[in-house]
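Take a look at the structure below.
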Amino acid sequence: MEGGAAATTPAALPYYVAFSQLLGLTLVAMTGAWLGLYRGGIAWESDLQFNAHPLCMVIGLIFLQGNALLVYRVFRNEAKRTTKVLHGLLHIFALVIALVGLVAVFDYHRKKGYADLYSLHSWCGILVFVLYFVQGQV
């Protein structure tokens, strides 16, 4: 910021952040409830392994990534180093959880003998994951 003007926090920011957290947690809870109540739950060594995919993607690429993006707005008055570390950790956790979701799908397909990357959804998903990983490296 030129001229030494201090960054001010908009008065409504805490409400927006609270709403975003409520919305994100609701989405994670609804995905978990959907998997638990209607899809049989989640288990790694069974047919339920595939169900780990949507939950991991929602937690990693929606909830944690969204929080990583909010860090600089929410913690404006904290030390820059602290916010950078928190931002980086949230992105790393998001990447790892999304990777677990990808491994769940590929491992499930391998066990069942299904072909990989046969749909537009799968190609778009791989593209999103690769771009997310690459942008973190730049």
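Residues: numbered from 1 along the sequence shown. Just so you know, these numbers use all the heavy atoms, side chains as well, and skip hydrogens, waters and symmetry mates.
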Is there a side chain to side chain contact (heavy atoms under 4.5 Å, CB included) between V58 and M30? Walk through the geometry before answering. CA-CA 10 Å; V58 167; M30 287 179 66; over 6 Å; no
Determine, step by step, whether R39 and L48 satisfy the side chain to side chain contact (heavy atoms under 4.5 Å, CB included) criterion, reporting the C-alpha distance in whole Å, the side-chain angles of both residues, the deciding distance to 0.1 Å, and the verdict. CA-CA 8 Å; R39 303 273 303 172; L48 300 175; 6.0 Å; no
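Contact detail for L102 and I126: the closest heavy-atom pair is CD2-CD1, 4.2 Å. Nearest heavy atoms, T83 versus V71: O-CG1, 3.5 Å. Here the shortest heavy-atom pairing between H53 and A104 reads N-CB, 4.4 Å. Nearest heavy-atom pair, P54 versus L35, reported as atom, atom and distance to 0.1 Å: CG-CD2, 4.0 Å. Minimum heavy-atom separation, S20 to L70: OG-CD1, 3.5 Å. Taking every heavy atom of both residues into account, C56 and V100 meet most closely at SG-CG1, 3.9 Å.
Every residue was checked against the ring-ring contact (aromatic ring centres under 6.0 Å, His included) condition with F129, not counting sequence neighbours, and none meets it.
Taken together through direct or relayed side-chain contacts under 4.5 Å among Ile, Leu, Val, Met, Phe, Trp and Tyr, L99 and F106 form part of one hydrophobic cluster. One hydrophobic cluster, built from ILVMFWY side chains closer than 4.5 Å, holds both W123 and M57. Hydrophobic clustering (ILVMFWY, side-chain heavy atoms < 4.5 Å, transitive): L25 and L37 are in one cluster. L90 and V17 fall within the same hydrophobic cluster, defined by Ile, Leu, Val, Met, Phe, Trp and Tyr side-chain heavy atoms under 4.5 Å apart, directly or through other members. Under the 4.5 Å side-chain heavy-atom criterion for ILVMFWY residues, a single connected hydrophobic cluster contains both V28 and W34.
For residues 72-91, the pairs satisfying ring pair (Phe, Tyr, Trp, His ring centres under 6.0 Å) are Y72-H87, H87-H91, H91-Y132, with sequence neighbours left out.
Residues D47 and K112 are paired through a salt bridge, judged by an N-O separation under 4.0 Å between the basic side chain and the carboxylate.
Atom CH2 of W44 has more than 12 heavy atoms from other residues, nucleotides or ligands within 6.0 Å. The number of heavy-atom neighbours closer than 6.0 Å to NZ of K111, taken from other residues, nucleotides and ligands shown, is above 12.
Residues L95 and I92 are not in side-chain contact: their nearest non-hydrogen atoms beyond the backbone lie 4.5 Å or more apart.
For the atom pair OH (Y108) and CG (D116), the distance works out to 12.5 Å, reported to the nearest 0.5 Å. The CG atom of L27 lies 5.5 Å from the CD1 atom of I62; values are rounded to the nearest 0.5 Å. Atoms CG and CG, on L89 and L64 in that order, are 11.0 Å from each other to the nearest 0.5 Å.
In this structure, the side chain of N51 does not engage the main chain of I42 through any donor-acceptor pair within 3.5 Å.
Ring geometry, H109 versus Y114: the interplanar angle exceeds 60°, so the pair is classed perpendicular (tilted spans 30 to 60°).
Results of the side-chain contact (heavy atoms from CB on, under 4.5 Å) test with V130 over V128, L127, V134 single out V134 as the only residue that passes.
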